[in-house]
Asks: 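This structure is in structure tokens; I'll ask about it shortly.
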Amino acid sequence: MNDKLGNWKRTHRCGDLTAEHIGQEVCLMGWVQRRRDHGGLIFIDLRDREGIIQLALDPDRDLASLKKAEQVRNEFVLAVHGKVSPRPEGTVNPKMKTGEVEVEISELRILNRSETPPFMIDEYTEVAENIRLKYRFLDLRRPVLQNNLRLRHLVAKTVRNYLDEQGFIEIETPVLTKSTPEGARDYLVPSRVNTGNFYALPQSPQLFKQLLMVSGFDRYFQIVKCFRDEDLRADRQPEFTQIDCELSYVSRDDVMTIMEGMMATIFKVAIDVEVALPIPRLSYTEALDRFGVDNPDLRFDLELITITALVADSQFKVFADVAANGGLVKALNAKGCATFSRKELDGLTDFVKIYGAKGLAWVKVTEEGWQSPIAKFFTADELAALNRELGAEVGDLLLFVADKPSITNEALGRLRGRLGQKLGLTRKDDYRFVWITDFPLFEYDEEEKRHVAVHHPFTSPLEEDIPRLDSAPGSVRAQAYDLVLNGSEVGGGSIRIHDPAVQIRMFELLGIDAAEAREKFGFLLDALSFGAPPHGGIAFGLDRLMMILTGAESIRDVIAFPKTQKATCLLSEAPNEVSEKQLQELGIRLRARQK
RNA sequence: GGGGCUGUAGUAGAGUUGGUUACAACGCCGGCCUGUCACGCCGGAGGUCGCGGGUUCAAGUCCCGUCAGCCCCGCCA
């Protein structure tokens, strides 16, 4: 039989007790971290969210409690009354925050018992992730996740305070909403009342926040769940949280200035890091040119160097052909890496192949000149020019990729990231922000044979590029911006189209004709036609931001109840089959019952 | 859809060239212990080697398939 809580009221949290509480009578409640039974004397480490305190049970003080303590096991829930006392000479534990004191117990109540947990609730025990996820409620008792989620709370609170001070109003938008074309796959929710019709869960509150601008709220924000039915990654879950913002009467610079202030505030409050403002800005074109990717990790240099022109006339056919066919030849100079083994070089070659590169040419720069399978193809003049261009010195490793531009950039850009990690250039406590701007408005989708929006269909072109919308849509730049932190895209947004004529033109360019635009986005076009103010906004990925702030390797470590890579929940076992009755009500028949 | 890694007591691991009864640690159970603190000492229990099939006199070990977890490509406006 468990003891009743009765009228006991907790007076303190375990981890908060220090020498200043000595002499006080306290009432504590928490879990048993550990029992140390010395026969006549028992110590219990009692844990709550603030930490651990040692309870001392002495037969001279209360024999009944001592006897009861003999039954106590790990993770039992206890309530105790006792007096905070200094520990006897020589028994202070400097490793514990509460190590100067202990609580001399006068009465102990066992509020609940516990099965032996499948793993120890401590910071030492390493447990396979599937076990952790199945017993998430226990994993969440452990210090790492407790700290991560509490920091997440602090960040959310800081965001609310900052945005409130800046005149933003938090407004909720629907979760049951409308499926729209473009973008990620939607999660669909069948409507019982409207049999045969479906809601979609929002990929973002994009259209609603624009409508709120039309409605005159002027500055809106929301910390909001978004849903995308796509495959998962270490930093991607199908349901995730955005800090979603929209502002009226602003330019890109206005948005970026307000939001980098928010980032600086978050980093100061959450981890006491000063972010130097303004955050540097880099055009999309320059980012690709120098780093190969639009989310460069600026914690280290190691820039890509374009050498297409230098090798266009060389005898090395691989390079010359690529140059002749509009491709791109670029190189990295990995300083001092000529010591890499053949095996390491093969590993780097395999790595670039993941991104579609056909191979990786390498050169070790030695006292005797180039040591490389491709050295023989180049004249002395070409070698000298390449060495000069790449700043090659003895001991360097030069790495080349030649392919069509998108592949060269991606492969070498990712290789840059990998080398940065391999060479230890990416310190965890180093935070390098950068805004990426001037994205192209469109990119060409080879599969669908049409232009698609790089950001989304509501993004405004740069005003100076609007004349080229018809003649050269591929060259039109967007008033879009991404915030990148240590190689991770943590946010992105744009100035939106507020002119209904431009919006209709935009849909046309995306292959959405007037009728379809009306059907899918009629409410937006209507809203834009009733005096929509110029507006723009941004959304930040709270989960990714938390990963960086906590140093987590996985997005699962900053989410209380995350999904597995197959988008299931090992705790609740969602998703699951539903009853025939439920399906009938929804007018749904499954094409094939899975076995 | 594709590539890769992992899977052995509750937990995390070792297990040689295929060869007797699958190891030790932590945890768990029992006992002892009045100053420990990831207490200590003595004793004990605990295994469908993910699952299925195959090769073999013999499989944790080799082969094929499959499931699960993780990482990546595609996908993610």
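Order of the sequence lines sets the chain letters (A, B, ...), proteins ahead of strands, with each chain counted from 1.
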Asks: For Tyr355(A), check ring pair (Phe, Tyr, Trp, His ring centres under 6.0 Å) against everything at least two apart and list the hits.
Replies: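 Residues passing ring pair (Phe, Tyr, Trp, His ring centres under 6.0 Å) with Tyr355(A): Phe351(A).
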Asks: With sequence neighbours excluded, tell me which residues meet side chain to side chain donor-acceptor pair (under 3.5 Å) with Gln71(A).
Replies: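 Gln71(A) satisfies side chain to side chain donor-acceptor pair (under 3.5 Å) with Arg113(A) only.
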Asks: What about Glu126(A): does its side chain form a donor-acceptor pair under 3.5 Å with the base of U11(B)?
Replies: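 No, the side chain and the base share no sub-3.5 Å donor-acceptor pair.
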Asks: Who pairs with Tyr199(A) by ring pair (Phe, Tyr, Trp, His ring centres under 6.0 Å), at least two apart in sequence or on another chain?
Replies: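 With sequence neighbours excluded, Tyr199(A) shows a ring pair (Phe, Tyr, Trp, His ring centres under 6.0 Å) to no residue whatsoever.
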Asks: Write down the protein N/O and nucleotide N/O pairs, taken from nucleotides 69-73 of chain B, whose separation is under 3.5 Å; answer none if there are no such pairs.
Replies:
unit_1, atom_1, unit_2, atom_2, d
G69(B), OP1, Thr564(A), OG1, 3.4
G69(B), OP1, Thr568(A), OG1, 3.4
C70(B), OP1, Gln565(A), N, 3.0
C70(B), OP2, Gln565(A), N, 2.7
C70(B), O3', Arg556(A), NH2, 3.0
C71(B), OP1, Arg556(A), NH1, 3.4
C71(B), OP1, Arg556(A), NH2, 3.1
C72(B), OP2, Ala234(A), N, 3.0
C73(B), OP2, Arg233(A), NE, 2.8

Asks: Can you name the side chain to side chain donor-acceptor pair (under 3.5 Å) partners of Arg496(A), sequence neighbours left out?
Replies: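 Side chain to side chain donor-acceptor pair (under 3.5 Å) list for Arg496(A), sorted by chain: Glu246(A), His456(A), Ser494(A).
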Asks: Would the base of G10(B) count as contacting Glu115(A) through its side chain, where contact means a donor and an acceptor less than 3.5 Å apart?
Replies: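 Side chain to base: no pair present.
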Asks: With rounding to whole Å, what would you report as the distance between C67(B) and G30(B) at their C1' atoms?
Replies: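 Taking atom C1' in both C67(B) and G30(B), they lie 39 Å apart.
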Asks: Of all of residues 480-489 of chain A, which get a heavy atom below 4.0 angstrom from RNA chain B, listed by number?
Replies: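 Correct list: empty, so none.
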Asks: Any salt bridge (charged side-chain N to carboxylate O under 4.0 Å, His left out) pairs touching residues 535-545 of chain A, not counting sequence neighbours?
Replies: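 Non-adjacent pairs meeting salt bridge (charged side-chain N to carboxylate O under 4.0 Å, His left out): Arg152(A)-Asp543(A), Asp235(A)-Arg544(A).
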Asks: List the residues meeting side chain to side chain donor-acceptor pair (under 3.5 Å) with Arg87(A), not counting sequence neighbours, and say none if there are none.
Replies: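 Scan of Arg87(A) (side chain to side chain donor-acceptor pair (under 3.5 Å), adjacent residues dropped) gives none.
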Asks: What pairs with Arg13(A) under side chain to side chain donor-acceptor pair (under 3.5 Å), at least two apart in sequence or on another chain?
Replies: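 So Arg13(A) forms no side chain to side chain donor-acceptor pair (under 3.5 Å) with any residue.
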Asks: Mark up nucleotides 23-30 of chain B, 5' to 3', with B wherever a protein heavy atom is under 4.0 angstrom from a base atom, S wherever such an atom reaches only the sugar-phosphate, and - elsewhere.
Replies: ----SSSS
Asks: Base, sugar-phosphate alone, or nothing: which one does Thr459(A) contact when heavy atoms must sit under 4.0 Å apart?
Replies: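 Since no nucleic acid heavy atom lies under 4.0 Å of Thr459(A), the category is nothing.
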Asks: Just jot down the side-chain contact (heavy atoms from CB on, under 4.5 Å) partners of Leu571(A), sequence neighbours excluded, or say none.
Replies: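 Applying side-chain contact (heavy atoms from CB on, under 4.5 Å) to Leu571(A) gives Arg136(A), Phe137(A), Phe561(A), Cys569(A).
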Asks: Partners of Arg36(A) by salt bridge (Lys or Arg N to Asp or Glu O under 4.0 Å), sequence neighbours excluded?
Replies: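 Result, salt bridge (Lys or Arg N to Asp or Glu O under 4.0 Å) vs Arg36(A): Asp45(A).
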